Trainee: 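Submitted below is the structure of interest, expressed as structure tokens.
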Amino acid sequence: MVVQDRLTITTSGRGTIPVTDIVQVRVRESGVHTGLCHLFLHHTSASLVLCENADPDVRMDLDRFMARLVPDGDALFEHTAEGPDDMPAHIRSIMSGADLTLPVADGACDLGTWQGVYLWEHRTSGHRRRMTITIYGERR
Amino acid sequence: MVVQDRLTITTSGRGTIPVTDIVQVRVRESGVHTGLCHLFLHHTSASLVLCENADPDVRMDLDRFMARLVPDGDALFEHTAEGPDDMPAHIRSIMSGADLTLPVADGACDLGTWQGVYLWEHRTSGHRRRMTITIYGERR
Amino acid sequence: MVVQDRLTITTSGRGTIPVTDIVQVRVRESGVHTGLCHLFLHHTSASLVLCENADPDVRMDLDRFMARLVPDGDALFEHTAEGPDDMPAHIRSIMSGADLTLPVADGACDLGTWQGVYLWEHRTSGHRRRMTITIYGERR
């Protein structure tokens, strides 16, 4: 069986937003007991990542590392139509990925103790981000 | 239902090649209405990425950024059997990924307005690249 | 049909461990002829990658490149609770990914000639790493 769902998440600029709980609710509602859960962002300037979920410093460090690795306003970039964070956002999205597949076991996403799922906004201003969740597998 | 297909794409050296249209045709032909489409490259020196599809400068900037981040002929590398772009190609492939999963809805890959699927060749010379498309889900 | 399996891999510190053979055995045992095989690590400081499988120098170069790109003990990092390799391990995991989907054809993972699947440990000390394998598709 396949259950597909769409949702919109509003971001408030660069940084990570936890989406684990939203995803777990959808998986439980789907009725799938064993299978997989696929998450997909319909954008090229944000991404979906698995990150440590206990210390908020981890996600701050992650974002600061990426800001140093892919600097806003880098003279290398020709594509600056939407500002100095435009092209860096596309690169950050490709390096961290906009789709994610998670195992479903016993009717829930089977994440590690310290794993959380995060939507990572790469633009400096807030955006409305569309995500599709596709859950497939077998009922008990 | 599962539909699996193979195809070969010939590249002409480093850079991105749009494959969205090829993939959409295969998804439509598969008859799957709701589900997922998995793309896989059988190589470790090319990758599959979701990138902005409107301004070609984005993909030029992306490639120039990667060329700076993972320089050809870096003295760090021992593995230089196939030339100065050999080891950088492997690293670029791992950082951007050789597999991609996309949602299928209403019988087509449900991409965002600005999302395109690209095969990214990381070697400086052209290659024949094998790709497997696996589409699975439910008919209407 | 869906077959899901769990296993534990013990690492001995930073570096790559081949898991292709373990995965191929599980795929063969599953009885799935055509479909997909999903691998998932339940950790945020290790990853799963497709890498060249012939010359061990490739994986040595890969690890040395990442150690230079994301340096241990970088003054940028606030999150140093578990030592200088703690935060770099989280970043390395996000940049290379903790999940991987492979095509299954003729009852085996259909990898390219030079492709191997590797668990990449990012911590300097050894760890026990949990992995879930989910194989789904059709019998012949």
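What you see is a predicted model; the values in this text were computed from it and never measured. Labels below follow one simple rule: chain letters A, B, ... track the order of the sequence lines, proteins then strands, and each chain is numbered from 1.
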Trainee: Would you check if the side chain of C/Glu52 reaches a backbone N or O of B/His90 as a donor-acceptor pair within less than 3.5 Å?
Mentor: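 No, because the side chain of C/Glu52 does not come within donor-acceptor range (under 3.5 Å) of the backbone of B/His90.
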Trainee: Checking heavy atoms, do the side chain of C/Leu69, its backbone, both or neither come under 4.5 Å from chain B?
Mentor: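 Side chain of C/Leu69 only, per the 4.5 Å heavy-atom cut-off to chain B.
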Trainee: Ignoring hydrogens, what is the shortest heavy-atom contact between C/Gly137 and B/Val2? Give both atom names and the distance.
Mentor: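 Looks like CA-CG2, 4.0 Å.
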Trainee: Go through C/Leu111, C/Thr101, C/Leu102 and name the one with the most non-hydrogen pairs under 4.5 angstrom from chain B.
Mentor: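 Heavy-atom pairs under 4.5 Å are most numerous for C/Thr101.
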Trainee: Is there a donor-acceptor pair under 3.5 Å between the side chain of C/Gln115 and the backbone N or O of B/Leu41?
Mentor: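 It does hold such a pair.
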Trainee: Give me the atom names and distance for the closest heavy-atom approach of C/Gly35 to B/Gln4.
Mentor: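 Closest approach of C/Gly35 to B/Gln4, heavy atoms only: O-NE2, 3.5 Å.
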Trainee: Give, for atom OG of C/Ser96 and atom CD1 of B/Ile91, the distance between the pair rounded to the nearest 0.5 Å.
Mentor: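 The CD1 atom of B/Ile91 is 12.0 Å from OG of C/Ser96, to the nearest 0.5 Å.
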Trainee: Less than 4.5 Å to any heavy atom of chain C: does that hold for the side chain of B/Val70, its backbone, both, or neither?
Mentor: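 B/Val70 touches chain C through backbone and side-chain heavy atoms alike.
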Trainee: Checking heavy atoms, do the side chain of B/Phe40, its backbone, both or neither come under 4.5 Å from chain C?
Mentor: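 Looking at B/Phe40, just its side chain touches chain C.
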Trainee: Chain B: which of C/Thr113, C/Leu100, C/Asp57, C/Asn53 shares the most heavy-atom pairs with it under 4.5 Å?
Mentor: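 Result: the option with the highest number of such pairs is C/Asp57.
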Trainee: Between B/Met87 and chain C, which part of the residue has a heavy atom less than 4.5 Å away: side chain, backbone, both or neither?
Mentor: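 Side chain of B/Met87 only, per the 4.5 Å heavy-atom cut-off to chain C.
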Trainee: Using modelled atom types and a 3.5 Å cut-off, is there a donor and acceptor pairing between side-chain atoms of C/Arg64 and backbone atoms of B/Leu76?
Mentor: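 Yes, C/Arg64 side chain to B/Leu76 backbone: donor-acceptor pair under 3.5 Å.
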Trainee: Distance from B/Ile94 atom CD1 to C/Thr16 atom OG1, nearest 0.5 Å?
Mentor: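 Going from the CD1 atom of B/Ile94 to the OG1 atom of C/Thr16 covers 9.0 Å.
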Trainee: Less than 4.0 Å between a side-chain N and a carboxylate O, is that true for B/Asp74 and C/Arg68?
Mentor: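 Looking at B/Asp74 together with C/Arg68, the answer is yes, because their closest N to O distance falls below 4.0 Å.
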Trainee: Where on C/Val49 is there a heavy atom nearer than 4.5 Å to chain B: the side chain, the backbone, both, or neither?
Mentor: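 C/Val49 touches chain B through side-chain heavy atoms alone.
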Trainee: Closest approach of C/Gly112 and B/Arg130, non-hydrogen atoms and distance?
Mentor: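 Shortest heavy-atom contact: CA-NH2, 4.2 Å.
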Trainee: Among C/Pro56, C/Ser47, C/Gly116, C/Ala105, which residue has the highest count of heavy-atom pairs closer than 4.5 Å to chain B?
Mentor: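 With the most close heavy-atom pairs to chain B, the winner is C/Ala105.
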Trainee: Which bit of B/Arg6 is near chain C, if near means a heavy-atom gap under 4.5 Å: side chain, backbone, both or neither?
Mentor: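 Only the side chain of B/Arg6 comes within 4.5 Å of chain C.
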Trainee: For B/Glu78, is it the side chain, the backbone, both, or neither that has a heavy atom closer than 4.5 Å to a heavy atom of chain C?
Mentor: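 Both parts, heavy atoms under 4.5 Å.
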Trainee: Does a donor on one side chain and an acceptor on the other come within less than 3.5 Å for B/His79 and C/Asp61?
Mentor: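 B/His79 vs C/Asp61: no donor-acceptor pair found between side chains.
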Trainee: With rounding to the nearest 0.5 Å, note down the distance linking CZ in C/Phe65 to CZ in B/Phe77.
Mentor: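 The CZ atom of C/Phe65 sits 5.5 Å away from the CZ atom of B/Phe77.
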Trainee: When rounded to the nearest 0.5 angstrom, what distance separates OG1 in B/Thr44 from CH2 in C/Trp114?
Mentor: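 B/Thr44 atom OG1 to C/Trp114 atom CH2 measures 9.5 Å (nearest 0.5 Å).
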